[in-house]
Amino acid sequence: METLTIAQLGNPILRKHAAPLSAGQYQDFAPFFKALQHKMLEHNGVGIAAPQVNESIRAFIVASRPNPRYPDAPMMEPTLMLNPEIVWASESMEKDWEGCLSIPGIRALVNRHSHIEVRYDTLEGKEVKTQMEGFIARIFQHELDHLNGLVFLDQAE
Ligand SMILES: O=C(O)C[C@@H](Cc1ccccc1)C(=O)SCC(=O)c1ccccc1
Ligand SMILES: [Zn+2]
């Protein structure tokens, strides 16, 4: 298991637009994605994006779970999402608290779309299209920002 370190705010990699992966590369990155998930769990994250561990590629993990801040958050298996996109976003927005593994100790209120429709590829190269709402939609938007060189403080209220 390669040891990864989490880039902190100020590291220019967090401000880059991450590169898409070609389907032929998915399996090559399998060991890295295992290490990425391990790192997220080590830090009790509910998500993590590849650029946060210095790999500027369009991949992240979403792993919602109930927690003190979001007691009714759904429990979901950590899900790896490759080349993820939002294909539709609701007009309605919701403000709630977020944290970031790259900006420890800071919480901020962030406005996010309350409902989104997303698409992404799985490691096996299968395309998934699905709707998200609530805390999962929030995590997805937070992680997608990381792929586009944004952090939650950029749109904090
Ligand atoms: O930096 C990351 O991408 C991980 C981040 C994801 C995230 C948390 C809260 C809202 C949206 C996205 C974290 O997991 S930070 C860890 C943490 O602060 C937290 C954990 C559980 C619930 C809420 C925050
Ligand atoms: Zn973050």
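Everything numeric in this text was worked out from a predicted model, so none of it was measured. For ligands, and for the atoms within them, numbers begin at 1 and follow the listed sequence.
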Under 3.5 Å, which donor-acceptor pairs do the side chains of residues 68-80 form with other protein atoms, sequence neighbours left out?
from  : atom 1 : to    : atom 2 : distance (Å)
Arg69 : NH2    : Asp96 : OD1    : 2.5
Tyr70 : OH     : Trp97 : O      : 2.2
Thr79 : OG1    : Glu77 : O      : 2.8

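Ligand-side atoms of ligand 1 in range of Gly47: 2 (C), 3 (O), 4 (C), 14 (O), range being under 4.0 angstrom from any heavy atom. Interface of Gly45 with ligand 1, defined as ligand atoms under 4.0 Å from a residue heavy atom, comprises 14 (O). Residue-ligand proximity, His146 to ligand 1, at heavy-atom distances under 4.0 Å covers atoms 1 (O), 3 (O).
Looking at atom 3 (O) of ligand 1, its nearest protein heavy atom turns out to be Glu143 OE2, 2.7 Å. Regarding atom 14 (O) of ligand 1, its nearest protein heavy-atom neighbour is Val46 N, 2.8 Å. The protein heavy atom nearest to atom 23 (C) of ligand 1 is Tyr70 CE1, 3.9 Å. The protein heavy atom nearest to atom 2 (C) of ligand 1 is His142 NE2, 3.5 Å. Counting only heavy atoms of the protein, atom 1 (O) of ligand 1 lies nearest to Leu101 N, 2.8 Å. In terms of protein heavy-atom proximity, atom 10 (C) of ligand 1 is nearest to Glu98 CG, 3.6 Å. In terms of protein heavy-atom proximity, atom 5 (C) of ligand 1 is closest to Gly99 O, 3.7 Å.
Within the 4.0 Å heavy-atom criterion, neither part of Met40 lies near ligand 1.
Leu4 and Lys39 get closest at one heavy-atom pair: O-NZ, 2.8 Å. Ile139 and Gly47 make their closest contact through CG2-CA, 4.2 Å (heavy atoms, listed as atom of the first residue, atom of the second, distance). Between Ile13 and Ala7, the shortest heavy-atom distance links the atoms CG2-CB, 3.9 Å.
The number of heavy-atom neighbours closer than 6.0 Å to CD of Glu91, taken from other residues, nucleotides and ligands shown, is 12 or below.
Under the rule for a side-chain hydrogen bond (donor to acceptor under 3.5 Å, both in side chains), the partners of Glu98 that lie at least two apart in sequence or sit in another chain are Arg112, Arg138, His142. By the side-chain hydrogen bond (donor to acceptor under 3.5 Å, both in side chains) test, Ser56 is found to be paired with no residue, residues two or more places apart in sequence or in another chain being considered.
Shown are Gln8, His146, Gln52; of these, the side chain to side chain donor-acceptor pair (under 3.5 Å) with Ser102 is made only by Gln52.
Taking CD1 of Ile86 as the start and CD of Gln141 as the end, the distance is 5.0 Å to the nearest 0.5 Å. From Ile103, atom CD1 reaches atom CG of Leu14 across 7.5 Å, with rounding to the nearest 0.5 Å.
Within the structure, ligand 1 lacks His43 among the residues with a heavy atom less than 4.0 angstrom away.
Protein N/O/S atoms nearer than 2.8 Å to the Zn ion (ligand 2) total 3.
Considering Arg107, Arg65, Gln52 only, the shortest heavy-atom separation from atom 19 (C) of ligand 1 involves Arg107.
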